[in-house]
> 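Structure incoming, see below.
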Amino acid sequence: MTLGKFLMIAGVAGATLATSVLAQSPSPRGPPCADRNHVVGQLRDTFGERMIGSGLAESGVLFELYVGANGSWTLLATVPTRRSCLIGSGEAWEPLPTPEHFAAQ
């Protein structure tokens with residue numbers, strides 16, 4: 001991972017966490033976490049969200065993006081012990097118009 005990419009990811013993570021902290025009362029336990037199967041089931045059953053992409057970090061953390069038909073989205077981080085933590089969520093998700101825009105293809 002390049003230094004620039006690392007700094008970009010750290011900045012996005014910091015901004016996400018700062019927004020959460022300012023919007024809610026402080027939580028001494030950190031972000032909400034639970035067993036991955038439970039979290040994924042709640043996203044599916046409660047919000048109608050399905051995974052549209054994932055990526056594995058060098059640290060072994062799996063990042064997954066879930067999106068609902070109404071535009072809701074959730075970003076999860078899952079460690080190898082299958083514990084998932086909420087990294088961010090929001091609304092108004094807009095997919096790219098065609099698959100050719102993905103750099104990985």
Side-chain angles (χ1 to χ4, degrees):
M1 177 184 309
T2 67
L3 178 60
K5 186 173 182 180
F6 173 79
L7 292 174
M8 180 186 72
I9 292 170
V12 169
T16 301
L17 292 175
T19 303
S20 298
V21 168
L22 294 174
Q24 302 173 359
S25 61
S27 173
R29 296 177 287 149
C33 301
D35 176 73
R36 183 184 178 279
N37 290 337
H38 175 74
V39 174
V40 170
Q42 289 295 311
L43 291 175
R44 180 188 61 243
D45 298 341
T46 305
F47 302 102
E49 293 184 359
R50 304 283 191 262
M51 183 174 54
I52 65 164
S54 65
L56 186 62
E58 289 180 30
S59 64
V61 175
L62 176 66
F63 289 91
E64 299 171 291
L65 181 61
Y66 290 79
V67 175
N70 64 353
S72 67
W73 61 269
T74 303
L75 180 62
L76 294 181
T78 303
V79 296
T81 60
R82 299 190 55 82
R83 186 149 180 89
S84 293
C85 298
L86 174 70
I87 300 300
S89 63
E91 1 181 292
W93 179 262
E94 299 268 342
L96 293 174
T98 59
E100 295 86 51
H101 290 255
F102 290 102
Q105 291 187 347

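When a residue number appears, it is its place in the shown sequence, counting from 1.
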> For the residue pair G68 and E49, what are the closest heavy atoms and their distance?
N-CG, 3.5 Å
> Are V39 and M51 linked, directly or through intermediate hydrophobic residues, by side-chain heavy-atom contacts shorter than 4.5 Å (ILVMFWY only)?
yes
> Determine whether F47 and V40 fall in the same hydrophobic cluster, where Ile, Leu, Val, Met, Phe, Trp and Tyr are linked whenever their side-chain heavy atoms lie under 4.5 Å apart.
yes
> Would you kindly confirm whether W93 and L75 end up in one hydrophobic cluster when ILVMFWY residues are joined by side chain heavy atoms under 4.5 Å apart?
yes
> Specify the closest pair of heavy atoms between L86 and T74, including all atoms of both residues, with the distance to one decimal.
CD1-CG2, 3.3 Å
> Using a 3.5 Å distance criterion without hydrogens, assess whether the side chain of R82 forms a donor-acceptor pair with backbone atoms of N37.
no
> On a heavy-atom basis, which atom in R83 and which in C33 lie closest, and how many Å separate them?
NH2-O, 3.3 Å
> Quick one: do F63 and V61 satisfy side-chain contact (heavy atoms from CB on, under 4.5 Å)? Show the steps, please.
CA-CA 6 Å; F63 289 91; V61 175; 3.7 Å; yes
> To check you understand the geometry: which heavy-atom pair defines the closest contact between T78 and S84, and what is its length?
OG1-OG, 2.6 Å
> Measure the CZ-CG distance between R50 and L43 for me, rounded to the nearest 0.5 Å.
10.0 Å
